[in-house]
J.: 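Here it is, the structure in full.
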Amino acid sequence: MPSMRSDRVFALVDGNNFYVSCERAFNPRLEGRPVIVLSNNDGCAVARSQEAKDMGIVMGEPWFRLRHLERRGLIALSSNYALYADMSARMMSVIGQFCPRQEVYSIDESFLEFEGFARWNLTEHCRDIRDRVRKWVGIPVCVGLGATKTLAKLANRIAKKAPEMGGVCNLSGMSEAGLFEYLGRVDVRDVWGIGSRLTEKLASMRILTAADLARANPDLIRMRFGVQVERTVRELNGLPCFDLETEPPPKQQIVSSRSFGRLVEDKRSLADALHTYVARAGEKLRQQDSVCSTVGVFLMTNRFMPDEPQYHSMASISLPFPAQDGFTLAKAAQRGLDAVYKPEFRYQKAGVMLMGLAPAAQRQESLFGDAPSGRQDLSKLLDGINDRMGRDSVRLAVANQSRPWAMKRGNVSPAYTSSWKQVAIVR
DNA sequence: TCTGGGGTCCTAGGACCC
DNA sequence: TCTGGGGTCCTAGGACCC
């Protein structure tokens, strides 16, 4: 249900071209140049500097189609998630100093909720956020303010597009006419929650801008598109329907998967890759202290190769007891592989899903006695060692160390902030 | 040669129960 | 001439997000 408290203002603080900005913070030579960061496997562009956007590079464009732009000065970096995650944590903690209610929404975005700030000049307050993050963390951010999360998102977008606003756009406390003037200039596709499918369907109803959507009849919208889109309409009109989530709810599923550096056909290599993924997924599971009841294993061929026989499938293995220990999970993953593997295909990607998650504390006991528990402690012990000594210091023995499936990372920057061996050096 | 990875929510429809 | 109705749970698929 929508809540009716007044005097609430939401803000969205969002890092500009976040991954590129993280790289620039440690490598000033990247400043002022077209830079992109590539996805895993150096697959496609997932972050672009303004200069790169100006060259016409779009989000998700594959690297092999961009490579020729290197001649025109384009710099492409492999992704360095250890660096970005660490920079994100720093940025979020600085932002949190400015508001008691903070939601970390994604690696580069944070919602804030100001309540009881009526006497404050929030626009100025948010300029201070921007300045301090820039100074202390080295990341440029923009801030949008509005009566709802959806409006704050939209304001943030306006701030990014209009540099003359100084990085902060405040749509709260504005007259309705003024607000709709802004909404009229935003494409409906750029509204939070409206993707490409909905954009098409809305266009057939002559709903083209955020203002059109705000004026649409919420009941009609609910009937045709469901409750989520109805909420978006109400939020555009200033009625909060999405609350701040100050602490993230535990995950309901955990996925670990990767595309391979090249096609893989032998089962042994797949098993080796899957062991790595299931180990990673298990770490995440134990981190949130959950158990899972089902382990899924999926394989897929390369859908971009029409001449290659295509196959994708997933097997779900139900565990006799909900578990979190690495041995049980690895064994289930192996069984999953046995179930989906077909030798006649060449695979591009594989992954593991942990499903049916529940807090470890409320795990159901078996009717016929306790589930084995000794292994759990061992898994946690291994997590502890890996945490201190570096990932994969200790892992379950699954021979094949050649890793023909390993990820491509042609141009990765050092782990400046998270590895003592690679820390930045000031001369 | 080369096209990411990890999530959420909602809905419809089938199975099953009384 | 006649074939209930309502509720829950589960799953698959679609749509969205970063």
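Worth saying up front: this structure is predicted, and the values here are computed from it rather than measured. All chains are named by letter (A, B, ...) in the order of the sequence lines, taking the proteins before the strands, and each is independently numbered beginning at 1.
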J.: Got a sec, which residues hit ring-ring contact (aromatic ring centres under 6.0 Å, His included) with A/Tyr311, two or more places apart in sequence or on another chain?
T.: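 So A/Tyr311 forms a ring-ring contact (aromatic ring centres under 6.0 Å, His included) with A/Phe345.
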J.: I'd like a table of atom pairs between the protein and nucleotides 16-18 of chain C - only N or O on both sides, under 3.5 Å - with the distance next to each one.
T.:
residue: C/dC16; atom: OP1; partner: A/Gly195; partner atom: N; Å: 3.1
residue: C/dC16; atom: OP1; partner: A/Gly195; partner atom: O; Å: 3.3
residue: C/dC16; atom: OP1; partner: A/Arg197; partner atom: N; Å: 3.4
residue: C/dC16; atom: OP1; partner: A/Leu198; partner atom: N; Å: 2.8
residue: C/dC16; atom: OP2; partner: A/Arg197; partner atom: N; Å: 3.3
residue: C/dC16; atom: O3'; partner: A/Gly193; partner atom: O; Å: 3.4
residue: C/dC17; atom: OP1; partner: A/Gly193; partner atom: N; Å: 2.9
residue: C/dC17; atom: OP1; partner: A/Ile194; partner atom: N; Å: 3.2
residue: C/dC17; atom: OP1; partner: A/Ile194; partner atom: O; Å: 3.4
residue: C/dC18; atom: OP1; partner: A/Lys153; partner atom: NZ; Å: 2.6
residue: C/dC18; atom: O3'; partner: A/Ser106; partner atom: OG; Å: 2.7
residue: C/dC18; atom: O3'; partner: A/Asp108; partner atom: OD1; Å: 3.3
residue: C/dC18; atom: O3'; partner: A/Glu109; partner atom: OE2; Å: 2.9

J.: What integer number of Å spans the P atoms of B/dT3 and C/dC18?
T.: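 The answer is 25 Å between these two P atoms.
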J.: Mind running a 4.0 Å heavy-atom check of residues 56-68 of chain A against DNA chain B and sending the residues that fall below it, in number order?
T.: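 Within this stretch, A/Pro62, A/Phe64 sit under 4.0 Å of the strand.
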J.: More 5' along DNA chain B: A/Gly43 or A/Glu245, using each one's nearest nucleotide?
T.: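 The residue whose closest nucleotide sits nearer the 5' end is A/Gly43.
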J.: Using a cutoff of under 3.5 Å, can you pull out all pairs of nitrogen or oxygen atoms linking the protein to nucleotides 10-13 of chain B, with atom names and distances?
T.:
residue: B/dC10; atom: OP1; partner: A/Arg231; partner atom: NH1; Å: 3.3

J.: Apply salt bridge (charged side-chain N to carboxylate O under 4.0 Å, His left out) to A/Arg90 and list each qualifying residue two or more places apart in sequence or on a separate chain.
T.: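 A/Arg90 satisfies salt bridge (charged side-chain N to carboxylate O under 4.0 Å, His left out) with A/Asp86 only.
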J.: Go nucleotide by nucleotide along DNA chain B from the 5' end; which of A/Tyr81 and A/Lys251 gets its closest nucleotide reached first?
T.: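 Residue closer to the 5' terminus by nearest nucleotide: A/Tyr81.
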J.: Can you tell me the distance, in whole Å, between the CZ atom of A/Phe304 and the C1' atom of B/dT3?
T.: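 It works out to 4 Å between those atoms.
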J.: The criterion is salt bridge (charged side-chain N to carboxylate O under 4.0 Å, His left out); which residues satisfy it with A/Arg132, sequence neighbours excluded?
T.: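 Per chain and number, A/Arg132 pairs via salt bridge (charged side-chain N to carboxylate O under 4.0 Å, His left out) with no residue.
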J.: Rounded off to whole Å, could you give me the CG-to-P distance for the A/Asp307 and B/dT1 pair?
T.: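 So the CG-P distance, A/Asp307 to B/dT1, works out to 11 Å.
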J.: By side chain to side chain donor-acceptor pair (under 3.5 Å), which residues pair with A/Arg130, not counting sequence neighbours?
T.: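 Listed in chain order: nothing, the list is empty.
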J.: Provide the full list of ring-ring contact (aromatic ring centres under 6.0 Å, His included) pairs with a residue in residues 25-44 of chain A, sequence neighbours left out, each pair given once.
T.: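 Pairs touching residues 25-44 of chain A that pass the test: A/Phe26-A/Tyr416.
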J.: Kindly express the pairing pattern of DNA chain C in dot-bracket notation, using | wherever a base pairs with another strand and counting only Watson-Crick or G-U pairs under 3.5 Å.
T.: ....||||||||||||||
J.: Let me have the donor-acceptor pairs involving side chains of residues 143-172 of chain A, under 3.5 Å, with sequence neighbours excluded, atom names and distances please.
T.:
residue: A/Thr148; atom: OG1; partner: A/Leu151; partner atom: N; Å: 3.1
residue: A/Thr148; atom: OG1; partner: A/Glu235; partner atom: O; Å: 3.0
residue: A/Lys149; atom: NZ; partner: A/Glu103; partner atom: OE1; Å: 2.8
residue: A/Lys149; atom: NZ; partner: A/Asp243; partner atom: O; Å: 2.9
residue: A/Thr150; atom: OG1; partner: A/Glu235; partner atom: OE1; Å: 2.6
residue: A/Lys153; atom: NZ; partner: A/Glu109; partner atom: OE1; Å: 2.6
residue: A/Asn156; atom: OD1; partner: A/Lys160; partner atom: NZ; Å: 3.4
residue: A/Asn156; atom: ND2; partner: A/Leu12; partner atom: O; Å: 2.9
residue: A/Asn156; atom: ND2; partner: A/Cys142; partner atom: O; Å: 3.0
residue: A/Arg157; atom: NH2; partner: A/Asp190; partner atom: OD2; Å: 3.2
residue: A/Lys160; atom: NZ; partner: A/Asp14; partner atom: OD1; Å: 3.2
residue: A/Lys160; atom: NZ; partner: A/Asp14; partner atom: OD2; Å: 3.3
residue: A/Asn170; atom: OD1; partner: A/Ser172; partner atom: N; Å: 2.8
residue: A/Asn170; atom: OD1; partner: A/Ser172; partner atom: OG; Å: 2.7
residue: A/Asn170; atom: ND2; partner: A/Thr123; partner atom: OG1; Å: 2.9

J.: What residues from residues 343-355 of chain A pass a heavy-atom cutoff of under 4.0 Å to DNA chain B?
T.: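 Per residue number, the list reads A/Gln348, A/Lys349.
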J.: Name each donor-acceptor pair under 3.5 Å that joins a side chain in residues 214-223 of chain A to protein atoms two or more places apart or in another chain, with its distance.
T.:
residue: A/Asn217; atom: OD1; partner: A/Asp219; partner atom: N; Å: 2.9
residue: A/Arg222; atom: NH1; partner: A/Glu230; partner atom: OE1; Å: 2.8

J.: Kindly say if A/Ser256 contacts the phosphate of B/dG5, meaning a side-chain N or O under 4.0 Å from OP1 or OP2.
T.: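 So the side-chain polar atoms of A/Ser256 never come under 4.0 Å of the phosphate oxygens OP1 or OP2 of B/dG5.
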J.: Please round to the nearest 0.5 Å and tell me the distance separating atom OG of A/Ser257 and atom CZ of A/Arg280.
T.: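 Reported value, rounded in 0.5 Å steps: 12.5 Å.
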J.: Among A/Val137, A/Ile107, A/Asn80, A/Asp108, whose side-chain contact (heavy atoms from CB on, under 4.5 Å) with A/Met87 holds?
T.: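 Among A/Val137, A/Ile107, A/Asn80, A/Asp108, the one meeting side-chain contact (heavy atoms from CB on, under 4.5 Å) with A/Met87 is A/Val137.
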J.: Quick one: are the ring centres of A/Phe10 and A/Trp192 less than 6.0 Å apart?
T.: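 No.
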